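All values derive from a computational prediction rather than experimental measurement. Numbers here are sequence positions counted from 1.
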Amino acid sequence: MTQRPAFSLPQQPGATHCFHAMVKPVGSACNLNCTYCYYLSKADLLHQPRLPRMSDDTLEEHIRQYIEAQNGDEVVFSWQGGEPTLLGLDFFRRVVELQDRHRRPFQRIENDLQTNGTLLDDEWVDFLKEHRFLVGLSIDGPADLHDRHRITRGGQPTHAKVMDAMQRLRARGVPFNALCVVNRDNARKPREVYRFLADEVRPGVIQFIPCVEPADFRQAAPANWRAEDLPIVNSPRARLGSPDSIVTDWSVDPADWGTFLCETWDAWIKRDYGRVHVDHFESAIAQSLGLPAQKCTTAEFCGKALAIEHNGDAYCCDHFVYDEFRLGNIHDTHWGEMAYSERQQRFGYAKRDTLPAYCRECPHLDLCWGECPKNRFVRTPGGEPGLNYLCPGLKRFFAHVRRDMPGIIRRIRQDQRRTT
């Protein structure tokens, strides 16, 4: 019998050790063929089998080690893909069985499932309700915008099926968030997208995810670009639409991203503040008040959000699933050793330590911290590498936030007075 990797948490009285991992139990396999998907290409890059599936042994090792490596009151499992529901309900019944077997008496286990929603039927929804799963439902706005990119392998639209899944989840009281990928098309319809999500989908949280992929993302890992090949910010190559643009033609343009955030922010502040939860906006407010970031992309450091593939391979982040960022395999090395390793710490601190002077001198540094390192593939006006592709749009948005903060602070104080 194969020896299982052992691990002991560092003996630091009072210290809480925790991290988060996106689990890819079916690898990159998916029943859809979304044009902008950053993960479908992993099938070739990682030499995955046609229908990858996490084995029972690997599943149990992941659950056992993941729980052992954390001593907080709550341990959160996130199931992603590809499309994790391809594995069927029996797989997830086994998940909750193993979680109950291995959890410590004081720990609460939570699960979230990121899905395109097209396979969710009543049986699925009943299971999710029974076991308190939080669902992340991918939806990019109204049908005409959603169906431009989120299509089946046969080229058929999916919006109607997603809305059916949403209705089933709501009818049974299953909590769900909306995951909206902001791409070249829906970025130009910010109010239409936002009102649809806020008024018709009505999720617990709206998560706006900027679609940004370098043209060579299928082969080249982030942070391994040659500085001399990177375009200067705001130059034609650093924008969407140029024949030699550094990004794919489905990516969002930096200016459009800024407009999208500012216009949806204005709609949110005017009608929905305190009623509709938008992660981008609430994190910006929290950080403006000196509180911690609620998103890894705008935090000073990263490195506590890792990824694990179907075969047990662990990576620094689910946007860094490339050989250069592989930490090891849970059948050889315990999850805890990889998650708390010096190598992973260097990865996390590099988010701050590799910022160009242009960022360090920016008045919005405390709200941005260079956003996600995977998007830092343009050069500053002075030619220094490591600037975020979205920088012009981000600067516009954060200036917008700061403009409105005095009024927001007044609202917060009024609410506090009402409750005391």
Side-chain angles (χ1 to χ4, degrees), residues 22-46 48-54 78-89 91-92 112-125 127-128 133-169 174 176-187 189 193 196-197 200-201 203 206-213 217-218 248-252 307 309-310 318-319 321:
M22 301 298 297
V23 191
K24 314 279 190 173
V26 71
S28 62
C30 189
N31 59 324
L32 301 192
N33 190 27
C34 301
T35 56
Y36 57 58
C37 184
Y38 74 98
Y39 217 77
L40 283 174
S41 58
K42 302 300 180 187
D44 294 328
L45 185 70
L46 304 180
Q48 294 183 344
R50 182 171 172 272
L51 291 174
R53 180 187 179 93
M54 183 172 278
S78 294
W79 306 93
Q80 197 192 39
E83 175 49 45
T85 59
L86 286 172
L87 289 166
L89 270 172
F91 179 87
F92 285 94
D112 58 74
L113 177 77
Q114 294 193 14
T115 176
N116 60 45
T118 60
L119 301 178
L120 294 185
D121 57 16
D122 287 346
E123 189 179 10
W124 259 108
V125 175
F127 170 85
L128 297 171
F133 274 61
L134 170 65
V135 176
L137 190 65
S138 294
I139 184 164
D140 290 351
D144 63 317
L145 295 172
H146 175 98
D147 288 335
R148 291 187 195 184
H149 296 282
R150 299 194 65 81
I151 54 176
T152 68
R153 292 194 169 273
Q156 297 302 305
T158 63
H159 191 268
K161 288 187 176 181
V162 178
M163 291 298 287
D164 177 70
M166 179 272 292
Q167 296 287 3
R168 291 173 191 267
L169 293 168
V174 177
F176 68 94
N177 297 339
L179 311 181
C180 177
V181 175
V182 181
N183 54 73
R184 70 177 185 199
D185 295 308
N186 61 358
K189 300 282 184 72
V193 170
F196 175 81
L197 295 175
E200 297 190 41
V201 179
I206 298 173
Q207 296 175 243
F208 290 125
I209 305 163
C211 184
V212 178
E213 297 297 345
F217 79 96
R218 293 181 180 86
T248 60
D249 62 3
W250 56 78
S251 294
V252 63
E309 257 290 342
H310 74 287
D318 83 303
H319 285 284
V321 178

Test log, rule side chain to side chain contact (heavy atoms under 4.5 Å, CB included), inputs L45 and K42: CA-CA 5 Å; L45 185 70; K42 302 300 180 187; 4.0 Å; yes
Holding to side chain to side chain contact (heavy atoms under 4.5 Å, CB included), I want the full list of residues that pass it with R153, two or more places apart in sequence or in another chain. N33, L40
Please enumerate all residues that pass side chain to side chain contact (heavy atoms under 4.5 Å, CB included) together with P157, with sequence neighbours excluded. D147
Shortest non-hydrogen contact from [X] toward [Y]:
{"X": "A165", "Y": "G117", "value": "CB-O, 3.3 Å"}
{"X": "D318", "Y": "Y38", "value": "OD2-OH, 2.5 Å"}
{"X": "L169", "Y": "L137", "value": "CD1-CD2, 4.5 Å"}
{"X": "P203", "Y": "I206", "value": "CG-CG1, 3.7 Å"}
{"X": "S138", "Y": "V162", "value": "O-CG1, 3.6 Å"}
{"X": "P84", "Y": "P25", "value": "CB-CG, 4.4 Å"}

Side chains of C180 and L197 in contact at under 4.5 Å (non-hydrogen atoms): yes
Filter on side chain to side chain donor-acceptor pair (under 3.5 Å), then keep only pairs touching residues 78-88, sequence neighbours left out; what's left? H20-S78, K24-Q80, S78-D112, W79-N111, Q80-Q114, E83-T85, E83-T115, E83-N116
Give, for atom [atom1] of [X] and atom [atom2] of [Y], the distance between the pair rounded to the nearest 0.5 Å.
{"X": "C37", "Y": "W250", "atom1": "SG", "atom2": "CH2", "answer": "9.5 Å"}
{"X": "L32", "Y": "K161", "atom1": "CG", "atom2": "NZ", "answer": "8.5 Å"}
{"X": "L113", "Y": "W124", "atom1": "CG", "atom2": "CH2", "answer": "6.0 Å"}
{"X": "F217", "Y": "S41", "atom1": "CZ", "atom2": "OG", "answer": "4.5 Å"}
{"X": "L51", "Y": "H310", "atom1": "CG", "atom2": "NE2", "answer": "10.5 Å"}
{"X": "N177", "Y": "I139", "atom1": "CG", "atom2": "CD1", "answer": "13.0 Å"}

How would you list, by chain and number, every residue that makes a ring pair (Phe, Tyr, Trp, His ring centres under 6.0 Å) with [X], sequence neighbours excluded?
{"X": "F91", "answer": "none"}
{"X": "H159", "answer": "H146, F196"}
{"X": "F133", "answer": "F127"}

Report the C-alpha separation of D164 and R168 in whole Å, then their side-chain angles, then the decisive distance to 0.1 Å, and conclude whether the side chain to side chain contact (heavy atoms under 4.5 Å, CB included) test is met. CA-CA 6 Å; D164 177 70; R168 291 173 191 267; 2.8 Å; yes
According to salt bridge (Lys or Arg N to Asp or Glu O under 4.0 Å), who are the partners of D121, at least two apart in sequence or on a separate chain? none
Using side chain to side chain donor-acceptor pair (under 3.5 Å) as the criterion, list what pairs up with [X], not counting sequence neighbours.
{"X": "R184", "answer": "none"}
{"X": "D185", "answer": "H149"}
{"X": "Y36", "answer": "D140, R150"}

If only atom types and distance count, is the side chain of Q48 paired as donor or acceptor with the main-chain N or O of S28 below 3.5 Å? yes
Result for side chain to side chain donor-acceptor pair (under 3.5 Å) between N31 and one of T152, T158, T118 points to T118
